[in-house]
**Q** 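Okay, handing you the structure first.
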Protein chains: 2
Amino acid sequence: MARTKDPDPEVRRRILDVSLDLFATKGFAATGVQEIVTKAGVTKGALYHYFKSKDEILFEIYGRVFGHELESLQRIVAEGHDPVRTLRTIIVDLVSHTAAITKESAVFARGGHADSPHWQAMQEQWRRYQEGFRQVIRDGQDAGVFSSKASPEVASWSVFGFTNSMHTWYRPEGRKSPADIGEELADLILTGLQS
Amino acid sequence: MARTKDPDPEVRRRILDVSLDLFATKGFAATGVQEIVTKAGVTKGALYHYFKSKDEILFEIYGRVFGHELESLQRIVAEGHDPVRTLRTIIVDLVSHTAAITKESAVFARGGHADSPHWQAMQEQWRRYQEGFRQVIRDGQDAGVFSSKASPEVASWSVFGFTNSMHTWYRPEGRKSPADIGEELADLILTGLQS
DNA sequence: ATAGGCATACCAACCGGTCGGCATTGACTT
DNA sequence: AAGTCAATGCCGACCGGTTGGTATGCCTAT
C-alpha cells in the first residue's frame, strides 16, 4: 500500500455537499455533472474517481435519510412506556431528525429512480418505519387509551405528510426549535387520537 | 377564415394525458419529448404544433391543480357557518379534490422551475390558499372554540402534508372513499384543535 | 520505480426545438 | 359542378448544444 496523496481529503465531501444542494433545489435529473464539478471547484476526473456514476452520489445521499431512524423508533418502543408517551417521543424524534436533514429530505421527496434496487431498498425501509409507527397506534387502541374511531393509517399519514413537507417551510433560523414543533404536532395528534 | 380540419381533435388531449403520466412517474426533467410523442403515437411536429415548448405542457398541467380550489375555499367560508363546520367542510373538500387529481398532484409535489413566472404564480395561489385556511383556524381560536395552544401553522401543515402525500398512497380502488378519508382526517384534526 | 489522485481531451448518444414541405380541406370563382 | 387557391394539420429529417461517461497520462508522495 503506497500512500501517494491524501486519500480522502475533502474533495469527496465537497462533491457530496454541492450535489446535495443542487439535487435539493433543482432536482436530480435537472442537475448536470458538469454543474456539480464546476460549483465544487473540481474536475470530472475527480468526480468519477470517487464515484462510479452520478446515481451513486444520489444513493449515498439517500442513505442518510432513513439510516438510523428505524432503529431509533425500535429503541423508543423497546423502552416500554405507555402508548401516549411512546408515540409522543417518536413524533418529536422524527420531527427533530427531519429538521436536521432538510435537504436530504427534499431530495428524497422528489423521488425518481422508481426501478433502481437502491431506491426500492429505501422504500422498503421507509415502509417498515411506517409499519412500526402504526403498530404503536394499534397497541394504544387495543389498550383502550386511543379511540378506535381514528384509523392508524390516516393518523400516520398526517404525521408523515407533515414531516415530508417540512423541507418546504421549515427554516432553522425560525423562532420555534424543531423539538418545539415536534411537541406541538404531538399535542395535536395525540389529542385527536384520544377522543 | 378558411377552416380546414378539426382544429383540436384529440391529438392535443393525448399528448397531455401521456405527458401527465410520464411527468408523474418519472419527473418532468427526466422525461424526453421524444418519449412523449412515441407513447402518444404522434410526432414531434404535432407536439410543437399544439404547444410552443415542453414547459407549456407542464404549465397547463399545473393549472389544473389549484384552478378552482381557492374559490372553493372562499365559497365555503362565505357560507358563514361556525368554525368547526367550516373547517370540516374545507378539509373534506380538499381531500376529495386532491384524490381526483392524484397525478397532477404528484407532478406539482416534485416541483422544479423555481424561477419561472408560471411556477411562481402557482406558488402564490397556493400560498393564498394556505393563508385562507389558517385564517379559519384563527377565527375559531378568537371565538374560543379552538384551543389557542395549537398553532395554526402546525395544524395546517399536518393537513397540507397529508394531502400533498396522498399521491403516494391513495388508490381509487381502495375501500374508503375520498370523502370518508376526508371526514376521518377532519375528525382527527378538529378533535385535536378543540382541547 | 511505482502506484494512485486527479486534469484534460474527448466521445457517442441524446436533448429540446426548428423548418421546409406535403396532403387535406373549405371558400370562392367560373 | 368543376377547378383554383390559400390556409391549415401534421410530418420527419435535421440542428447545435449538452448529456453522462471514459481514456490517457501528468504529477506527486512514497
Side-chain angles (χ1 to χ4, degrees), chain A residues 1-23 25-62 107 110 112-116 118-119, chain B residues 1-23 25-62 107 110 112-116 118-119:
Chain A
M1 280 299 239
R3 303 182 83 264
T4 58
K5 267 191 178 179
D6 299 345
D8 246 10
E10 58 153 325
V11 179
R12 200 187 134 94
R13 168 69 65 117
R14 274 222 308 283
I15 293 173
L16 274 172
D17 283 348
V18 170
S19 299
L20 176 58
D21 257 324
L22 290 171
F23 292 170
T25 53
K26 307 186 35 171
F28 173 75
T31 303
V33 172
Q34 191 59 53
E35 201 177 350
I36 296 172
V37 297
T38 303
K39 269 209 159 191
V42 298
T43 60
K44 274 217 268 195
L47 190 148
Y48 280 96
H49 175 73
Y50 288 109
F51 304 93
K52 51 191 273 259
S53 72
K54 185 186 164 192
D55 286 7
E56 207 186 70
I57 301 179
L58 179 66
F59 298 143
E60 191 151 329
I61 291 174
Y62 280 164
V107 176
R110 286 178 193 266
H113 282 82
D115 44 357
S116 123
H118 281 90
W119 175 256
Chain B
M1 282 299 237
R3 305 186 78 262
T4 57
K5 268 190 178 180
D6 300 346
D8 248 9
E10 60 151 322
V11 179
R12 202 186 132 96
R13 169 67 66 119
R14 274 224 306 284
I15 293 173
L16 275 172
D17 283 348
V18 170
S19 300
L20 176 59
D21 257 324
L22 290 171
F23 293 169
T25 52
K26 306 186 37 171
F28 174 75
T31 302
V33 171
Q34 191 58 54
E35 201 176 350
I36 296 172
V37 298
T38 304
K39 268 209 161 191
V42 298
T43 61
K44 269 216 263 196
L47 189 147
Y48 280 95
H49 175 74
Y50 288 109
F51 304 93
K52 51 192 269 262
S53 71
K54 185 187 164 192
D55 285 6
E56 208 185 71
I57 302 179
L58 179 65
F59 298 142
E60 191 150 331
I61 291 175
Y62 280 164
V107 176
R110 285 178 194 267
H113 282 83
D115 45 356
S116 126
H118 281 89
W119 175 257

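Proteins come first, then strands; the chains are lettered A, B, ... in the order of their sequence lines, and each starts at number 1.
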**Q** Expressed in angstrom and rounded to an integer, what is the separation of B:Phe28 atom CZ from C:dG16 atom C1'?
**A**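 It is 10 Å, rounded to the nearest whole Å.
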
**Q** How close or far is atom C1' of C:dA23 from atom NE2 of B:His49, stated in whole angstroms?
**A**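 Taking atom C1' of C:dA23 as the reference, NE2 of B:His49 is at 14 Å.
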
**Q** Tell me the interatomic distance from A:His113, atom NE2, to D:dG20, atom P, rounded to whole angstroms.
**A**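 Those two atoms, NE2 and P, are 11 Å apart.
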
**Q** Take the protein atom OH of A:Tyr50 and the nucleotide atom P of C:dG4, then report the distance between them rounded to whole Å.
**A**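 Those two atoms, OH and P, are 13 Å apart.
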
**Q** With sequence neighbours excluded, what pairs up with B:Glu56 under the side chain to side chain donor-acceptor pair (under 3.5 Å) test?
**A**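 Checked B:Glu56 against side chain to side chain donor-acceptor pair (under 3.5 Å); zero matches.
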
**Q** Could you work out, with side chain to side chain donor-acceptor pair (under 3.5 Å) as the rule, every residue matching B:Glu35, not counting sequence neighbours?
**A**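 Scan of B:Glu35 (side chain to side chain donor-acceptor pair (under 3.5 Å), adjacent residues dropped) gives B:Lys26.
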
**Q** Going by side chain to side chain contact (heavy atoms under 4.5 Å, CB included), name the residues that satisfy it together with B:Arg14, two or more places apart in sequence or in a different chain.
**A**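 Only B:Glu10, B:Val42 meet the side chain to side chain contact (heavy atoms under 4.5 Å, CB included) criterion with B:Arg14.
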
**Q** Rounded off to whole Å, could you give me the CG-to-C1' distance for the B:Leu47 and C:dC19 pair?
**A**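 One finds 16 Å between C1' of C:dC19 and CG of B:Leu47, rounded.
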
**Q** Go through the structure and list residues passing side chain to side chain donor-acceptor pair (under 3.5 Å) with A:Asp17, not counting sequence neighbours.
**A**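 A:Asp17 satisfies side chain to side chain donor-acceptor pair (under 3.5 Å) with no other residue.
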
**Q** Separation of A:Arg13 atom CZ from C:dG5 atom C1', in whole Å?
**A**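 Going from A:Arg13 (CZ) to C:dG5 (C1'), I get 19 Å.
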
**Q** In whole angstrom, give the distance that lies between atom CG of B:Asp55 and atom P of C:dG17.
**A**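 Atom-to-atom, B:Asp55 to C:dG17, this comes out as 7 Å.
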
**Q** At a cut-off of 3.5 Å, list every protein nitrogen or oxygen paired with a nitrogen or oxygen from nucleotides 9-15 of chain C, distance to 0.1 Å.
**A**
none

**Q** Could you tell me whether the side chain of B:Arg110 and the main chain of B:Thr25 form a donor-acceptor pair under 3.5 Å?
**A**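 Flag set: sc B:Arg110 to bb B:Thr25 pair under 3.5 Å.
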
**Q** Quick one: list whatever passes ring-ring contact (aromatic ring centres under 6.0 Å, His included) with B:Tyr48, sequence neighbours left out.
**A**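 With neighbours one apart ignored, the set is empty.
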
**Q** Over how many whole Å does the gap from A:Phe51 atom CZ to C:dG5 atom P extend?
**A**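 One finds 14 Å between P of C:dG5 and CZ of A:Phe51, rounded.
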
**Q** With a 4.0 Å cutoff (strictly under), does any side-chain N or O of A:Tyr48 reach OP1 or OP2 of D:dT22?
**A**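 For D:dT22, OP1/OP2 do not have a side-chain N/O of A:Tyr48 under 4.0 Å.
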
